[in-house]
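Contents: one structure, followed by commentary.
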Amino acid sequence: MSEPIGITLIFIGVLFDLLGCIGLIRLPDVYNRLQAATKTVTLGTCLILTGVAVASGTVTIQIKAMLALALVLIASPTAAHALARGAYSLGVKLWEKSVVDRYGEDLGKEGEDEAA
Amino acid sequence: MTAYDVTFFALLGACCFLCLYRIAFGPTPPDRAVGIDILGIVIVGFSALSALITGKDYYMNIALAWTLIAFIGTIALAKFLEGRSYDE
Amino acid sequence: MRWAWAFVLSFGFWLLLTWPPGWQELSVGLVAAVVATTFFGRMLRLKTVRRLFDPRRYFWAICYVLVLIYRIFVANLDVAYRVLHPEMPIKPGIVKVKTVLQNEVAKTVLANSITLTPGTLSVDITDDGYLYVHWINVRAMQEEEASSYIVGRFESLLRRIFE
């Protein structure tokens, strides 16, 4: 009985993964790519792991799937912050149609303070 | 292997190729790092699916270890990028 | 006391990682937990452990997880729409928001939640409680307005859980 539910969850998860990877190709700059890819691929992988836990009858696989789900949910946003910060401090510019950049303004102010 | 399994593996393989495209042709270094990060998470889903289909639980151990190692690798890449200068 | 808790927590985590337990897993796990406790036990705070035994916090945590799951689904449908739309209706920018949370763990959870919810990605945090957030579709540039859009919906629940 639980097998069809698990297969459906896995199917939705795989579709979200694919959408995230299409976003990774289509969007214009690092920050937008990071946004789309992190969100959708995290949800997609979590759905796949939930589906595996539901469809599989083995307790070992279920425990480990839940543990991997928690780890992915903690690790992937943290990795995204680190990459965004690293990209900004490397000097990668925002897309030219971006409307506002408070981070750059504030960093520029601090730099002037230190120079003065 | 049923028709479902083949479809899932084909779609996840397509995801991996899209990530590899970004790693190969990403215009800036952080783009490549993003590709590596996402590829790691996709592979966790891949090996969880393998565990379901073959019924062998050591594939779940691979998924767990891959989660932790991909996370540490991405943090290391981000620290490596930070504090360097890059001219377009 | 602190060291005992660190040992119990790391040994429990090891048992979950190497399920099902046998004598080989248990013996290696004892050594690994002792090593982990020796190096990282001083980072554990007893206040954090005491919070584990407060049922009200669990209630709010479950509420928070439900809200978060709903938000994550909305976020993903939103991103899917933007990615698949031929003209890509995005308007990105980095805005600055203020949070009233003091606890470090609460701030971390807040930043991770922001990353997982509609169109926002936290970039950096300052010591006096400001977050810089990359927003894929900027709707408010001023600090107060942006704060109520991005942070407002999580802050009250997080304060109940962690403070």
Side-chain angles (χ1 to χ4, degrees), chain A residues 6-7 10-11 13-15 17-25 29-31 33-34 37-38 40-42 44-49 51-53 55-65 67-69 71-72 74-76 78-93, chain B residues 2 4 7-12 14-19 21-22 26-31 33-35 37-49 51-52 55-57 59-61 63-64 66-68 70-88:
Chain A
I7 297 283
I10 295 174
F11 187 64
V14 171
L15 279 188
D17 268 14
L18 197 63
L19 275 174
C21 292
I22 293 171
L24 191 65
I25 298 295
D29 76 348
V30 183
Y31 307 99
R33 281 174 200 146
L34 202 53
T38 309
T40 47
V41 174
T42 307
T45 305
C46 287
L47 281 177
I48 291 177
L49 287 168
V52 167
S56 149
T58 325
V59 179
T60 311
I61 291 183
Q62 285 169 343
I63 289 179
K64 286 181 182 169
L67 203 58
L69 194 154
L71 289 177
V72 166
I74 296 170
S76 105
T78 317
H81 306 178
L83 274 179
R85 230 182 90 127
Y88 206 98
S89 73
L90 187 68
V92 178
K93 304 234 176 5
Chain B
T2 60
Y4 290 122
T7 321
F8 294 154
F9 278 136
L11 289 176
L12 279 181
C15 289
C16 292
F17 274 104
L18 291 174
C19 293
Y21 172 85
R22 186 47 72 204
T28 66
D31 278 313
V34 173
D37 180 29
I38 301 303
L39 188 60
I41 307 177
V42 171
I43 287 173
V44 172
F46 213 106
S47 54
L49 263 182
L52 176 65
K56 300 225 173 11
D57 49 19
Y59 279 112
M60 282 320 293
N61 295 349
L64 277 172
W66 205 293
T67 317
L68 296 170
F71 173 62
I72 293 169
T74 311
I75 297 288
L77 270 175
K79 280 288 162 199
F80 175 72
L81 293 174
E82 209 165 321
R84 286 168 173 256
S85 63
Y86 168 70
D87 302 315
E88 299 208 10

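Per chain, numbering begins at 1; letters A, B, ... match sequence-line order.
The candidate with the highest count of non-hydrogen atom pairs below 4.5 Å against chain B, out of A:I25, A:V41, A:L71, is A:I25. Note: B:N61 leads B:N61, B:L77, B:L39 in heavy-atom pairs under 4.5 Å with chain A. Here B:D31 is the residue among B:T7, B:D31, B:L11 with the most heavy-atom pairs under 4.5 Å with chain A. With chain B as partner, the option from A:I61, A:I74, A:I48 having the largest number of non-hydrogen pairs under 4.5 angstrom is A:I61. Chosen from A:L34, A:L83, A:L67, A:T58, the residue pairing most often with chain B at heavy-atom distances under 4.5 Å is A:L83. Note: B:P30 leads B:G55, B:A70, B:A14, B:P30 in heavy-atom pairs under 4.5 Å with chain A.
The shortest side-chain heavy-atom distance between B:L64 and A:K64 falls under the 4.5 Å cut-off.
Here OH of B:Y4 is found 7.0 Å from CD1 of A:I7. Values are rounded to the nearest 0.5 Å. Rounding to the nearest 0.5 Å places CG of A:L24 at 10.5 Å from OH of B:Y21. Distance check, rounded to the nearest 0.5 Å: CZ of B:F8 to CG of A:L15 gives 9.0 Å. From B:T67, atom OG1 reaches atom CG of A:L49 across 7.5 Å, with rounding to the nearest 0.5 Å. To the nearest 0.5 angstrom, B:C15 atom SG is 12.0 Å from B:I41 atom CD1.
With a 4.5 angstrom heavy-atom cutoff, B:D57 touches chain A via backbone and side-chain atoms both. For chain A, no part of B:I72 is nearby; none of its heavy atoms comes within less than 4.5 Å. Both the backbone and the side chain of B:A48 come within contact range of chain A, each with at least one heavy atom under 4.5 Å from a heavy atom of that chain. For A:I22, the parts lying under 4.5 angstrom from a heavy atom of chain B are both the backbone and the side chain. A:S56 touches chain B through backbone and side chain together, each having a heavy atom under 4.5 Å away.
Annotation for B:I38 and A:T38: closest pair CD1-N, 4.1 Å, computed over non-hydrogen atoms. Of all the heavy atoms in A:A79 and B:I75, the pair that sits closest is CA-CD1, 4.4 Å.
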